[in-house]
Each structure stands twice: as structure tokens, then as C-alpha cells.
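Written below as C-alpha cells is the structure these notes are about.
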Amino acid sequence: MDIQTLAAAVRNIPDFPEKGIQFKDITTLFQSGEYLSSLSDIMYERYKDKGVTKVAGIESRGFFMGPALAIRLHAGFVPIRKFGKLPSETIEEKYLKEYGEDIIEIHKDALNENDIVLLHDDLLATGGTMAAAYSLVKKLGVKKIYINFLIELENLKGRALFNDDVEIDSIIKFEI
Ligand code: AMP
């Protein structure tokens, strides 16, 4: 299945959750078993030879395909959650959102120096969320980090927050 077909299944909702945002609704893509398994195949093909030991997904839309991909890669799954949700010892990272600040956390013992990590979220917009997750995972001293998104909004230039040596991949690209 080509990427254009998958892209066409993403529903665009103008002005949600606030005016000026073109919200990319992935629920319409996920409704189809055919699209879902095609998406899973594409992601698996891209990472099957990278030696990934853990997929780390960002709450909450990184929890849809993250575990699915982890199962196919025979890797573990690690949640990166919003502040106050994880029950054991955590490290945290603050980041700026359009309005105010947010905090994400990961369990301190979730990753170690032997891990090759695939960091996954549904969508790259300005990049703030993933940049915070990336520095969180880096703090745990892992061997290598790959970054993956289902969707990238290219005009928002979220990639610019990362150094050139960081391997960032997105499956479906929209201008905005
Ligand atoms: P950012 O930190 O600006 O890259 O925003 C990325 C996070 O916000 C992701 O977790 C997305 O789920 C969500 N997000 C931002 N913009 C959109 C959008 N236009 N449509 C859907 N989700 C979005």
C-alpha cells in the first residue's frame, strides 16, 4: 500500500482543539485493519535491522503503535508519561508548550547503557515534546536512539530542534 493512501485516511479537523490548528486525526487511519497492518509493516521494515531493544512511546498517542511495533521487533516497551502518573522512581524533563509548561517522566530503571531505543510518537509538530523525550532518554545513558513519527508537519520545522546526527523518520508527511 502506498503512503498516499495512508495519508488520505488521516482526517484533518480545522480549528481543533483551538483556532488555527489543523488537527490530524489518526483514528480514521486506525479504523481500517488493512491500513493498520500496512502501517505496521512499513514501520517494521524500517527498524527490523537496527537492533532495537526497547520502544519508548510518548503519552498518549505514542501508546497506539509503540507497543505494536515493539511486539514485532521483539523489543520491550517503555512508557514516557505526563507528570505524576508513573508509580516508581522517575526522572523528569520540563518543556515549553504554546501556553505554559509541561513535564514528562520516565522510570529511572526503564532503560540502561545496553539499550538501543526507538522513540515513538504519533506526530511531529514544533518538536518540543520529542526534544524533551529525547533528552530524558539520553540522560539514562542508552547506546543509541532512533526517533520515529507516524506523521510530520513539515512546515513547522520540528526537525530543526535536533542535531543532524539524530536519525529521525516519519511515515506520512503533510505541509501543515
Ligand atoms: P510538538 O511538541 O509541537 O511537536 O507537538 C507534538 C505533540 O502534540 C504530539 O504528541 C501530537 O500528538 C500533538 N499535536 C501537535 N500538533 C498536532 C496536530 N496538528 N494534530 C494532531 N496532534 C498534534
Side-chain angles (χ1 to χ4, degrees), residues 3-32 35-36 39-40 42-43 46-47 54-70 77-86 90-107 110-111 117-139 145-176:
I3 304 284
Q4 266 321 310
T5 306
L6 298 176
V10 176
R11 176 163 55 188
N12 190 75
I13 315 270
D15 298 324
F16 181 87
E18 54 199 62
K19 207 162 174 41
I21 306 282
Q22 298 293 327
F23 190 86
K24 304 302 177 201
D25 176 15
I26 51 177
T27 65
T28 41
L29 174 65
F30 289 173
Q31 274 167 21
S32 154
Y35 293 173
L36 204 50
L39 202 53
S40 165
I42 292 166
M43 292 168 85
R46 290 186 190 188
Y47 294 101
K54 305 260 172 62
V55 177
I58 303 175
E59 186 174 4
S60 54
R61 285 188 290 267
F63 293 178
F64 293 133
M65 290 307 287
L69 185 57
F77 178 77
V78 170
I80 294 176
R81 299 210 62 184
K82 293 182 179 141
F83 182 76
K85 303 279 190 189
L86 289 170
T90 63
I91 55 167
E92 62 183 53
E93 188 76 28
K94 285 198 181 82
Y95 65 103
L96 283 180
K97 304 246 288 186
E98 209 174 345
Y99 300 105
E101 220 174 51
D102 223 337
I103 302 175
I104 49 173
E105 292 185 306
I106 191 168
H107 274 145
L111 300 167
V117 178
L118 174 55
L119 244 176
H120 167 78
D121 200 3
D122 68 324
L123 184 140
L124 173 63
T126 64
T129 309
M130 186 53 88
Y134 179 76
S135 65
L136 205 53
V137 169
K138 258 200 128 172
K139 278 184 196 162
I145 306 171
Y146 295 96
I147 296 180
N148 165 269
F149 301 92
L150 301 180
I151 297 172
E152 176 172 2
L153 304 184
E154 290 184 305
N155 285 355
L156 296 180
K157 308 213 181 301
R159 279 177 187 259
L161 294 188
F162 299 88
N163 289 335
D164 287 348
D165 62 333
V166 184
E167 286 186 48
I168 305 175
D169 186 58
S170 60
I171 295 163
I172 300 168
K173 295 171 181 26
F174 293 113
E175 286 187 2
I176 194 94

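Just so you know, these numbers use all the heavy atoms, side chains as well, and skip hydrogens, waters and symmetry mates. Just so you know, ligand 1 is whichever comes first in the structure, and atom 1 is the first atom listed for that ligand. Here the structure is a predicted model, which means the values were calculated and not measured.
T28 places a side-chain N or O within donor-acceptor distance of the main-chain N or O of A9, the cut-off being under 3.5 Å. Here the side chain of N163 pairs no donor or acceptor atom with the backbone of D165 at under 3.5 angstrom.
Interatomic distance, CZ of F149 versus CZ of R159, reported as 8.0 Å (0.5 Å rounding). To the nearest 0.5 Å, atoms CD1 (I172) and OG1 (T5) are separated by 10.0 Å.
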Residues 118-128, side-chain donor-acceptor partners within the protein, below 3.5 Å, at least two apart:
residue	atom	partner	partner atom	Å
H120	ND1	N148	OD1	2.9
D122	OD2	R61	NE	2.8

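In this structure, L86 and E105 approach most closely via the heavy-atom pair CD1-O, 3.5 Å.
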In a simple table, one pair per line, please give the protein and ligand 1 atom names for every N or O pair closer than 3.5 Å, along with the distance.
residue	atom	partner	partner atom	Å
ligand 1	2 (O)	G128	N	3.4
ligand 1	2 (O)	T129	N	2.9
ligand 1	2 (O)	T129	OG1	2.6
ligand 1	3 (O)	T126	N	2.9
ligand 1	3 (O)	T126	OG1	2.5
ligand 1	4 (O)	A125	N	3.0
ligand 1	4 (O)	T126	N	3.1
ligand 1	4 (O)	G127	N	2.7
ligand 1	10 (O)	D121	OD2	2.8
ligand 1	12 (O)	R61	NE	3.3
ligand 1	12 (O)	R61	NH2	2.8
ligand 1	12 (O)	D122	OD1	2.8
ligand 1	12 (O)	D122	OD2	3.3
ligand 1	19 (N)	Q22	O	2.9
ligand 1	20 (N)	K24	N	2.9
ligand 1	22 (N)	R61	NH2	3.4

